[in-house]
Amino acid sequence: MRVNQTLLGEFVFVGFSFYSDWQVVLSVFFFFLYIFTLTGNLAIMGLTLLDRGLHTPMYLFLSALSFSETCYTLTIVPKMLVDLLTKSRTISVLGCGLQMFFFHGLGGTNCIVLTVMGYDRFLAICNPLRYPVLMTNTICGHLVALAWISGFFVSLVQTTLIFSDSFCGPNLIKHFLCHMRAVVKLSCLNGAVIEVIVTVISVLGLIGTFLFILLTYVFILSTVLKIPSAEGKRKAFSTCASHLTVVIIHFGFASIVYLKPETTERDDILMAVPYTLITPFLSPLIFTLRNKDMKYALIKVLSNKSGLTKSPWAVTIGGQHREGSKGFSLKPVV
């Protein structure tokens, strides 16, 4: 038990104060990164909503991932940008608890949605004849709901464990967000025990979902290798390439944050930047640039917003009706 304990009502983020000369530059860089991230994720959600050709489980899962990543960055980046430009970097204990709850809940949801996307690819490639029955849009919705419930349930358990204890001074959170390992160090009584418990839960969740994805790709690889034609193999691999790339980036950066040994506060902050900012930025970029359906849907939506393509009618010169010296008629565009 700490001596001369003082119960805390608010915390102060250390943030990027180590780099005081670079804070304006960092704020500009993170701001544009955040705007591009929002644009990419909103574009995926919008295209999936507008284009009926994308109303399939694969793209519904992708849209769900984009929505959770949008909410994920929303819980962190705006507060971080404000803190970079102001001297007051405080947050109430309640606000810290809410940020932690939503940050880890949405992070867990992202992991589970990526896992479900791997399962979807497994069914599509390994069980193509039964796929329309095994993965309907209704089942897809249930799986997305399960991902959200599971992610936030685990986060609720971890956040409750951490905030069930009182916090003692100093009130400095040596991070730019209410990260579990940074906050639990301020616990008065059982900080070491709680830190072990919440870390084990995070690691088990991270490793468990990654191993499940790895197992699905083992079956996918064994199935693809049995395809006789090279073109068939290429098409099968191309449907998984974007997802596999995002999985490697997401779980790679997450493992650096959760599986690394204790380091200095400055290193902790730098290592958290890729997981909290770079991954949500790269994810929509990879899924759109490497996906022909997404690029085609984007071109179609943009073309429908230009010129006469807004109308279902086209003007044909030289038809039956005449106005002045020019003849014209209307016919529906097919």
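Taking every heavy atom of both residues into account, Gln99 and Cys178 meet most closely at OE1-N, 2.8 Å. Between Cys126 and Thr223, the closest heavy-atom pair is SG-OG1, 3.2 Å. Closest heavy-atom contact between Met117 and Leu65: SD-CD2, 4.1 Å. Taking each heavy atom of Lys79 and Arg89 in turn, the nearest pair found is NZ-C, 4.4 Å. Between Pro280 and Thr37, the closest heavy-atom pair is O-CG2, 3.3 Å. Taking every heavy atom of both residues into account, Met180 and Ser202 meet most closely at CE-OG, 3.2 Å.
Taking 4.5 Å as the limit, some side-chain heavy atom of Leu143 sits within range of a side-chain heavy atom of Met135. Side-chain contact between His142 and Thr138 is present, with at least one heavy-atom pair separated by less than 4.5 Å. Two residues are said to be in side-chain contact when any heavy atoms from C-beta on lie closer than 4.5 Å; His104 and Thr159 fail this criterion. Looking at heavy atoms from C-beta onward, Phe176 lies out of side-chain contact with Leu84 at the 4.5 angstrom threshold. For the pair Thr73/Glu69, no side-chain contact is recorded, criterion being any heavy-atom separation below 4.5 Å from C-beta on. Looking only at side-chain heavy atoms (C-beta outward), Leu186 and Asn171 stay at 4.5 Å or farther from each other. Side chains of Val183 and Ile173 form a contact here, defined as non-hydrogen atoms less than 4.5 Å apart. Under the 4.5 Å side-chain criterion, counting only non-hydrogen atoms from C-beta, Tyr34 is not in contact with Met80.
Put simply, OG on Ser63 and OH on Tyr59 are 12.5 Å apart, with the number rounded to the nearest 0.5 Å. In this structure, the separation between CZ on Phe103 and CG on Leu74 is 13.5 Å, given to the nearest 0.5 Å. How far CD1 of Ile149 is from CG of Leu156: 13.0 Å, rounded to the nearest 0.5 Å. Going from atom CD1 of Ile249 over to atom CD1 of Ile278 covers 10.5 Å, rounded to the nearest 0.5 Å. Summarising the geometry, atom CG belonging to Asn110 is positioned 9.5 Å from atom OG belonging to Ser66; distances are rounded to the nearest 0.5 Å.
Residue Val218 is not grouped with residue Phe122 when hydrophobic side chains (ILVMFWY) are merged at heavy-atom distances under 4.5 angstrom, including chains of intermediate members. Note on Met100 and Val157: same hydrophobic cluster, where clusters join Ile, Leu, Val, Met, Phe, Trp and Tyr whose side-chain heavy atoms are under 4.5 Å apart, directly or indirectly. In the hydrophobic cluster analysis, where Ile, Leu, Val, Met, Phe, Trp and Tyr join through side-chain heavy atoms closer than 4.5 angstrom, Ile269 is grouped apart from Val24.
In summary, the aromatic rings of Tyr275 and His250 are positioned with their centroids under 6.0 Å apart.
The aromatic rings of His179 and His175 lie parallel to each other, with less than 30° between the two planes, well short of the 60° mark. Note: Phe30 and Phe16 have tilted aromatic rings, judged against thresholds of 30 and 60 degrees for the angle between ring planes. Phe152 and Phe102 have perpendicular rings, their planes meeting at more than 60° on a 0 to 90° scale where under 30° would count as parallel.
The side-chain contact (heavy atoms from CB on, under 4.5 Å) test applied to Leu60 returns Thr48, Asn137, Cys140, not counting sequence neighbours. Applying the ring pair (Phe, Tyr, Trp, His ring centres under 6.0 Å) criterion to Tyr119, with sequence neighbours excluded, gives no partner residue.
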